[in-house]
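Please read all numbers here as calculations on a predicted model, not as lab measurements.
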Amino acid sequence: MSKVSFTMVKSDIHNDPRIRSLPKNDIARLAYFVMTTSPSTTYTGCFFYPIEHLCSHSGIDREIATSSMERLVGVGLVEYDHQTEFVRLVGWFYKFFVPGNADHLSKVVKSFLRDPLPRNAMSARAVSEFVVGSLVKAKSFDRNKPHTANYYAHLQTCVTDAEILYPDLLAEIRSEIALNAPEVREDFAILHPESGGLKLDKCIGEHGGPTVQTPSPDHVGTVPTQKKENKKDKNTGAHLPATVTPLRPLASTLNSEIAREARGQ
């Protein structure tokens, strides 16, 4: 898994009503900040974390660690899957680790697609929060910069490939938008394969600007649209018959997690 080397914590986190709902002397507060800064914490905010790890990292005994985890789950700060012993830090991509650029976002996408996360609803909610939190962040970008187009393209890759891994992903994303970020409802629509050509004109510039490529029919990767090329004879200047540029898979398609699995790599 892709471990984080540091965590950015906003000072207003202490105003979070979920944290304030915990008693001031509650060890659960310590347990929460231990998990957000532990050596086990990953890019996805969803990672293998047995209670023994919490005991080791915090110095508290198992009984207190277990009850602290239960209280954190109860107030909505974390989710915990006792079967797989994975924890999910709720709000990770709002409070701690929202990608600020396309390169950072690309690394998180790769983590979600490659890390051995459990294929369950909790992981799907982690992906959903990542997509929505990133869309919220993208609203602060200059829409005419190529960086913005790259940012959206990486998000589209995430949604397209992760939907194969998590069949209920789209429902989880819609729920996340409704609960925490209704302002990005239209922004998400352009990333969804069923939204048509997926042009990003509305989000990243004027009409005719950069676009996210049209998804292939099986939703695995993307392919560019065909373009007709009209050429002139160098000697006579006459127009030559139009030719059609052949379709070729994008590099991102050939190197996607799904494509590599299909090739047995």
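When the side chains of ILVMFWY residues are joined at heavy-atom separations under 4.5 Å, either directly or via intervening members, V90 and V131 end up in two distinct hydrophobic clusters. A single hydrophobic cluster is seen to contain both M69 and V34, as judged by linkage of ILVMFWY side chains at heavy-atom distances under 4.5 Å, directly or through other members.
When side chains are defined from C-beta on, K95 counts as touching D16, because their heavy atoms get closer than 4.5 Å. Side-chain contact between L89 and T41: present, with at least one pair of heavy atoms (C-beta onward) separated by less than 4.5 Å. Under the 4.5 Å side-chain criterion, counting only non-hydrogen atoms from C-beta, Y151 is in contact with H147. In this structure, L155 and V109 have side chains that are not in contact, with every pair of non-hydrogen atoms separated by 4.5 Å or more. The shortest distance between side-chain heavy atoms of V87 and C46 does not fall below 4.5 Å. In this structure, the side chains of L22 and L77 come closer than 4.5 Å at one or more pairs of heavy atoms.
A donor-acceptor contact shorter than 3.5 Å links the side chain of N101 to the backbone of H104. Panel note: side chain S111, backbone K107; a donor-acceptor pair is recorded below 3.5 Å. One N or O on the side chain of N120 and one on the backbone of M122 form a donor-acceptor pair closer than 3.5 Å. Under a 3.5 Å cut-off, the side chain of R119 and the backbone N or O of Y166 do not form any donor-acceptor pair. A donor-acceptor pair under 3.5 Å is absent between the side-chain atoms of S38 and the main chain of H57, judged by distance alone. A donor-acceptor pair is defined here as one N or O able to donate and one able to accept, closer than 3.5 Å; such a pair exists between the side chain of D61 and the backbone of I64.
Atoms OG and CG, from S68 and L54 in turn, are 7.0 Å apart once rounded to the nearest 0.5 Å. Interatomic distance, CG of D168 versus CD of E163, reported as 10.0 Å (0.5 Å rounding). One finds the SG atom of C55 at 10.5 Å from the CD atom of E63 (value rounded to the nearest 0.5 Å). Residue I27 holds its CD1 atom at 11.0 Å from CZ of R29, rounded to the nearest 0.5 Å. In this structure, CZ in F188 is found 8.5 Å from OG in S128, a value given to the nearest 0.5 Å.
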**Request:** May I have the step-by-step check of side chain to side chain donor-acceptor pair (under 3.5 Å) for D103 and S106, ending in yes or no?
**Result:** CA-CA 5 Å; D103 288 340; S106 176; over 6 Å; no
**Request:** Show the numbers, then the answer: is there a side chain to side chain contact (heavy atoms under 4.5 Å, CB included) between L113 and L165?
**Result:** CA-CA 8 Å; L113 298 179; L165 303 177; 4.1 Å; yes
**Test log, rule side chain to side chain contact (heavy atoms under 4.5 Å, CB included), inputs L170 and V159** = CA-CA 8 Å; L170 295 180; V159 173; 4.2 Å; yes
**Request:** Carefully, step by step, assess T157 and T160 under the rule side chain to side chain donor-acceptor pair (under 3.5 Å).
**Result:** CA-CA 5 Å; T157 296; T160 301; over 6 Å; no
**Message:** Run the side chain to side chain contact (heavy atoms under 4.5 Å, CB included) test on M35 and L72 for me, step by step, so that the C-alpha distance in whole Å, both residues' side-chain angles and the decisive distance to 0.1 Å come before the verdict.
**Reply:** CA-CA 11 Å; M35 283 188 283; L72 292 174; 3.4 Å; yes
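Between Y80 and H82, the gap from one ring centroid to the other is short of 6.0 Å.
Below 30°, between 30° and 60°, or above 60°: for F97 and W92 the angle between ring planes is below 30°, a parallel geometry. Ring pair F112/F93 is tilted by interplanar angle, where 30° to 60° counts as tilted. A perpendicular orientation is assigned to the rings of Y49 and F47, their planes being inclined by more than 60° (bins at 30° and 60°).
The pair D115-K110 fails the salt-bridge criterion, with no side-chain N (NZ, NE, NH1 or NH2) lying under 4.0 Å from an Asp/Glu carboxylate O.
The side chain to side chain contact (heavy atoms under 4.5 Å, CB included) test with F130 is passed by exactly one of I173, L105, L135, V98: L105.
Here the closest non-hydrogen pair linking P99 and V108 is CG-CG2, 4.1 Å. Counting all heavy atoms, side chain and backbone alike, I60 lies closest to A65 at CD1-CA, 3.8 Å.
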Pairs of donor and acceptor atoms involving the side chains of residues 175-185, under 3.5 Å and at least two apart or interchain, shall be tabulated with distances.
from: E176; atom 1: OE2; to: Y94; atom 2: OH; distance (Å): 2.6
from: E176; atom 1: OE2; to: N180; atom 2: ND2; distance (Å): 2.8

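Sorted by first and then second residue, the salt bridge (charged side-chain N to carboxylate O under 4.0 Å, His left out) pairs involving residues 121-130 (not counting sequence neighbours) are E79-R125, R88-E129, R125-E172.
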